[in-house]
Amino acid sequence: MNIFAVMKSRLDAVLGGLMAAGKLPPGLDLARVSVEPPREAGMGDLTTNAAMVLAKPTGMAPKVLAELLVEALKGVEDVTAASTAGPGFINIQLNAAVWRGALLDVLKEGRAYGDSTTGAGEPVNIEYVSANPTGPMHVGHARGAVMGDVLARLLAKAGFAVTKEYYINDAGGQVDNVAAALRMRYLQALGRISEADVQGALERKEIQYGGAYLLPVAEALKTRDGDKWAEVNDPAAWIPPLRDFTVEYMMKLVREDLKDLGVHHDVFSSEKALVETGKVDDALKFLADAGLTYTGVLEPPKGKTPDDWEPRPQLLFKATQFGDEVDRPLKKSSGVGTYFASDIAYHKDKVDRGFKNLVNIWGADHGGYVKRVQAALKALTNGEGKLDVQLCQMVRVLNNGEPVKMSKRAGTFVTLRDLIDEVGKDVVRFIMLTRKNDAPLDFDYAKVMEKSRENPVFYVQYAHARGRSVFRHAATMFPQADLSDAGLAKADLSRLADVDEVALLRFLANWPRTVEAAALAHEPHRLAFYMYELASQFHGLWNKGNDATELRFLQADDAAVSLARLALVRGVGLVIASGLTVFGVEPLEEMR
RNA sequence: GAUCCCAUAGCUCAACUGGAUAGAGCAUCAGCCUUCUAAGCUGAGGGUUGCAGGUUCGAGUCCUGCUGGGAUCGCCA
């Protein structure tokens, strides 16, 4: 149960009553009325902006309206007092049992606390990672992978029907280039050419991918096919099979990496399959029938004309009709379809499968691509489809503040595999969520393993482990007590009287609305900050017992108060576990 | 030249999508361990939210224009 949502609906009912009684004009829009925690603890339990938001539409002064509402709120269930403050805020006091009720909810629902039906089962398609199958996954992919995976879990928790999807770019020039590079490495594996030959080809730009990661792929090809491809010189004959071999091999590695990162996709969609089944042509025909394509010549980009630029007629999409700056090419001057054409077909395919609510997680280097895909989606759905693109900024990998660039495996960048091997999946996942995705992120090997408050993943886990530690002690101190969640729910929670205990109760009640807001805003990082704050409050309460021993959770001579406090400790642990579950991170029982 | 993102305490970042006196950590200073984990906690100082306008009851948040940083810019994906 979300107390803030419940009180909002009761407030709406009060306002409705006032409208019906003619004390307020009928038909007021209540959407902007909010019920939130107050800024400071002394201001009461809840605060609402109703009087300020409704001042203009009612034509009443905020203070006058606030007085009217304060009067009307007095009879509302759980409200013990209400008062006006500041420019027209209404602060509301609630029956203390309401907050204790939140803790009972936590104990009853466990990690499911915070689940909601906000999404109403609406299908959402979330596409993430979608790394080209041309090499190992690196840190940038890791951020997108975690962001997408956790956003998907978060949306599911908020009641959406989520489909997690990976788009394999297994068509087009890039994969052909990898095939060419693989052929060089293959010839090297056969002993026909040397490492120097490969490097020479790289320098002359005859091949684009030369990383040593292709050596095992070449060995695998040799093992499977022997020297079968060494004598085949017609590219049309060797490119397709070598390309398919590489894609398959790379996708196997990608799937292994994702699995070890705890990332799972429901659907893998292939660009090649879209081309081969005619879906790209279908999509282009759809746009042509709508009169949204034409053959034309694009202007060169201003200020930065490529040296080899020359005007050429191409098939173009009228993206400018949907808010883009220029019309975008669907076919290269050679007549071959562009990546954009495939992507249109892919998004049309998503729409045809019943998704109107789409989310894509991309790297920031794709920022210039957002408008055209959104334009295409509008064209495909008559404006009904929604596409939210979340761009992930760069990840800088550091070690004690020093940039880390080299990877043992890939040569030029830090791979996802390196990260997992170095610090473990759970740490990688959590740290990736400690910034909003449109801000750059520093990933410092030393910092993320540090055991201090500076390291959020440690700090949150430590709070959880401390809570478990209390229970280990409680089991010996009160061997007769029922310390199960159901047993703790029977404790006399009115014994939680200290101001910080009550504050913690309130904060636990904030979890459902935090989850909901984070889900709707597509901002999973908010959960990381909530957990950090919760951990902070918990550590603070813990240490309050240093000075005031009567505030320690366990009181050997007072089982009743001990059980009430254990219920609170357990509630904190369960909410942390709830958050970590969304993050795909396992809460720790102890830190040793 | 254009588009997108960013700019908040000395440093790294929050701020519940327009609310009350802008909050944390680090660093600095002053305190707390015969103790359920001191791997922690308490307190103090530290701000013209890059600049200039605008919108309104109210702006770090929205709009316009600057400045600085990053990303991208037909026939790559």
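As the structure is a prediction and not an experimental result, all values here were calculated from the model. Throughout, a chain's letter reflects where its sequence line sits, starting with A, and its residues are numbered from 1.
For the segment residues 386-399 of chain A, residues with any heavy atom less than 4.0 angstrom from an atom of RNA chain B are, sorted by number, A:Q393.
A:T476 meets the side-chain contact (heavy atoms from CB on, under 4.5 Å) test with no other residue; sequence neighbours excluded. Partners of A:R32 under the side-chain hydrogen bond (donor to acceptor under 3.5 Å, both in side chains) rule, at least two apart in sequence or in another chain, do not exist in this structure. With sequence neighbours excluded, the residues that form a side-chain contact (heavy atoms from CB on, under 4.5 Å) with A:D444 are A:L398, A:N399, A:A446, A:K447. A:T47 meets the side-chain contact (heavy atoms from CB on, under 4.5 Å) test with A:E36, A:P38, A:F89, A:N91; sequence neighbours excluded. Every side-chain contact (heavy atoms from CB on, under 4.5 Å) that A:D244 has, sequence neighbours left out, goes to A:K272.
Contact annotation for A:E310: base contact, defined as any heavy-atom pair under 4.0 Å involving a base atom.
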N/O donor-acceptor pairs under 3.5 Å from side chains in residues 545-552 of chain A, not counting sequence neighbours:
| from | atom 1 | to | atom 2 | distance (Å) |
| --- | --- | --- | --- | --- |
| A:R552 | NE | A:G545 | O | 2.8 |
| A:R552 | NH2 | A:G545 | O | 3.4 |

Name each donor-acceptor pair under 3.5 Å that joins a side chain in residues 527-535 of chain A to protein atoms two or more places apart or in another chain, with its distance.
| from | atom 1 | to | atom 2 | distance (Å) |
| --- | --- | --- | --- | --- |
| A:Y530 | OH | A:F507 | O | 2.7 |
| A:Y532 | OH | A:R453 | O | 3.1 |
| A:Y532 | OH | A:R453 | NE | 3.3 |
| A:E533 | OE2 | A:Q537 | NE2 | 3.2 |

Please tabulate, one pair per line, each protein N/O and nucleotide N/O from nucleotides 54-62 of chain B that are separated by under 3.5 Å, including the distance.
| from | atom 1 | to | atom 2 | distance (Å) |
| --- | --- | --- | --- | --- |
| B:C57 | OP1 | A:K56 | NZ | 3.4 |

Fill in: Footprint string (nucleotides 9-14 of chain B, 5' to 3'): B base within contact, S backbone only, - free, heavy atoms under 4.0 Å
---SSS
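When base pairs are accepted only as Watson-Crick or G-U wobble with both N-N or N-O distances under 3.5 Å, RNA chain B takes part in stems of 3 or more pairs at B:1-7 with B:67-73, B:10-13 with B:23-26, B:28-32 with B:40-44, B:50-54 with B:62-66.
Screening residues 47-60 of chain A for salt bridge (Lys or Arg N to Asp or Glu O under 4.0 Å) gives no qualifying pairs among residues at least two apart or on separate chains.
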